[in-house]
Structure formats: C-alpha cells, structure tokens
Amino acid sequence: QVQLVESGGGLVQAGGSLRLSCVVSGSIFRILPTGWYRQAPGKQRELVAVIISGDTTNVADSVKGRFTISRDNAKNTVYLQMNSLKPEDTAVYYCNLDQRIWGQGTQVTVSS
C-alpha cells in the first residue's frame with residue numbers, strides 16, 4: 001500500500017521560507033503525477049504545484065515565482081520549496097499522488 005508522509009511545516013514570519021518534504025513509499029511515484037495541494041480554513045482544497053511527468057510541472061499562479069516543486073527519485077521524496085511566504089499562504093498542505101492518494105497534511109502558518 002502506497003503511503004505519503006509529509007514534514008516541514010511550521011510557523012514563519014511573512015517573507016520567510018519553508019521547505020516541505022513528502023516521502024512516498026514505493027517507486028511508483030516516479031511515473032505518476034505527484035504534487036502539493038493546500039486548504040485554508042473555510043476554503044476549498046486547491047492545487048499548489050504538481051510534477052506531471054519528467055520535468056513537466058504545473059504551478060498555481062498565486063505561488064508562481066515563489067514556490068518550487070522538485071523531487072529526488074533516489075529518496076522517493078517530493079519537495080516544495082516556499083519562499084517569500086505571505087499570510088495568505090497559511091493552510092494545511094497535502095501531498096498527493098495521482099489525485100488518488102493523500103498524505104495526512106502539514107500545517108503552514110505565516111504571520112504578518
């Protein structure tokens with residue numbers, strides 16, 4: 001059974017940076033879209049960034065230029081580097097595999 005385990009969330013001041021990590025059990029993620037979603041209180045879950053295949057990525061306009069998604073196949077890990085964080089980035093961030101399997105989520109809070 002494939003499992004996703006996220007880490008790296010926390011509290012940071014506006015303008016700061018965080019890096020989220022998602023370890024995927026099994027090597028299947030190398031051939032399936034893997035990405036990050038987020039859900040703020042009272043809002044719907046939304047796509048942040050996804051690696052579709054190879055080096056092809058899709059990044060939400062709201063974070064483009066600030067967030068970068070990458071992966072390390074040797075470590076079965078997907079990363080989300082978040083720079084220039086804003087209070088509106090505050091949310092629970094979820095790792096997702098092929099839009100079918102979800103991690104437990106990690107809280108990111110950005111203070112103004």
Side-chain angles (χ1 to χ4, degrees):
Q1 184 176 357
V2 177
Q3 290 186 322
L4 312 179
V5 179
E6 302 113 328
S7 61
L11 173 64
V12 65
Q13 288 188 332
S17 298
L18 284 174
R19 188 176 79 158
L20 305 183
S21 300
C22 173
V23 179
V24 183
S25 62
S27 61
I28 193 172
F29 91 110
R30 302 176 190 181
I31 59 172
L32 293 175
T34 309
W36 292 91
Y37 289 70
R38 69 185 181 186
Q39 188 167 18
K43 295 188 176 182
Q44 289 188 332
R45 192 171 296 188
E46 63 177 2
L47 173 70
V48 178
V50 60
I51 298 176
I52 298 170
S53 64
D55 294 328
T56 302
T57 62
N58 184 22
V59 180
D61 288 341
S62 59
V63 305
K64 200 166 291 185
R66 301 188 296 122
F67 292 11
T68 303
I69 188 170
S70 63
R71 68 181 170 194
D72 185 335
N73 288 340
K75 296 182 178 180
N76 279 15
T77 302
V78 178
Y79 302 100
L80 184 67
Q81 178 66 44
M82 306 185 293
N83 299 327
S84 302
L85 282 160
K86 304 175 180 180
E88 51 263 45
D89 295 318
T90 295
V92 178
Y93 284 70
Y94 297 91
C95 185
N96 172 267
L97 177 66
D98 198 30
Q99 296 193 344
R100 293 184 290 117
I101 302 172
W102 296 90
Q104 80 282 2
T106 184
Q107 176 71 46
V108 171
T109 303
V110 184
S111 63
S112 58

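We're numbering straight along the sequence, starting at 1.
Around CD of Gln39, the count of heavy atoms belonging to other residues, nucleotides or ligands within 6.0 Å exceeds 12.
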Residues 58-65, side-chain donor-acceptor partners within the protein, below 3.5 Å, at least two apart:
{"residue": "Asp61", "atom": "OD1", "partner": "Lys64", "partner atom": "NZ", "Å": "3.2"}

Table please: side-chain donor-acceptor pairs of residues 7-24 below 3.5 Å, with sequence neighbours left out.
{"residue": "Ser17", "atom": "OG", "partner": "Asn83", "partner atom": "OD1", "Å": "3.0"}

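Atom CG of residue Leu97 and atom CG of residue Leu4 lie 6.0 Å apart, to the nearest 0.5 angstrom. Within the model, atoms CD1 of Ile31 and CG of Asp98 stand 9.5 Å from one another, a figure rounded to the nearest 0.5 Å. In this structure, the separation between CG on Asn96 and CG on Leu47 is 9.0 Å, given to the nearest 0.5 Å. Here the straight-line distance linking atom CG of Leu32 with atom OG of Ser53 works out to 10.5 Å at 0.5 Å rounding. For the atom pair CD of Gln104 and CD of Gln3, the computed distance is 10.0 Å after rounding to the nearest 0.5 Å. Residue Ile52 holds its CD1 atom at 9.5 Å from CD1 of Ile69, rounded to the nearest 0.5 Å.
Between Gln107 and Tyr93, every side-chain heavy-atom pair lies at or beyond the 4.5 Å cut-off. In this structure, Thr56 and Ile51 have side chains that are not in contact, with every pair of non-hydrogen atoms separated by 4.5 Å or more.
Among all heavy-atom pairs drawn from Asp89 and Ser84, the shortest one is OD2-O, 4.4 Å. Across every non-hydrogen atom of Lys75 and Thr77, the tightest pair is O-OG1, 2.7 Å.
A donor-acceptor pair under 3.5 Å links the side-chain atoms of Glu6 to the main chain of Cys95, judged by distance alone.
Tyr94 is not connected to Val110 by any chain of hydrophobic side-chain contacts under 4.5 Å among Ile, Leu, Val, Met, Phe, Trp and Tyr, and they are in different clusters.
Sequence neighbours left out, not one pair with a member in residues 42-81 passes ring pair (Phe, Tyr, Trp, His ring centres under 6.0 Å).
Every residue two or more places apart in sequence or in another chain that forms a salt bridge (Lys or Arg N to Asp or Glu O under 4.0 Å) with Glu46 is listed here: Arg38. Under the ring pair (Phe, Tyr, Trp, His ring centres under 6.0 Å) criterion, Tyr37 pairs with Trp102, not counting sequence neighbours. Asp55 pairs by the salt bridge (Lys or Arg N to Asp or Glu O under 4.0 Å) definition with nothing, not counting sequence neighbours.
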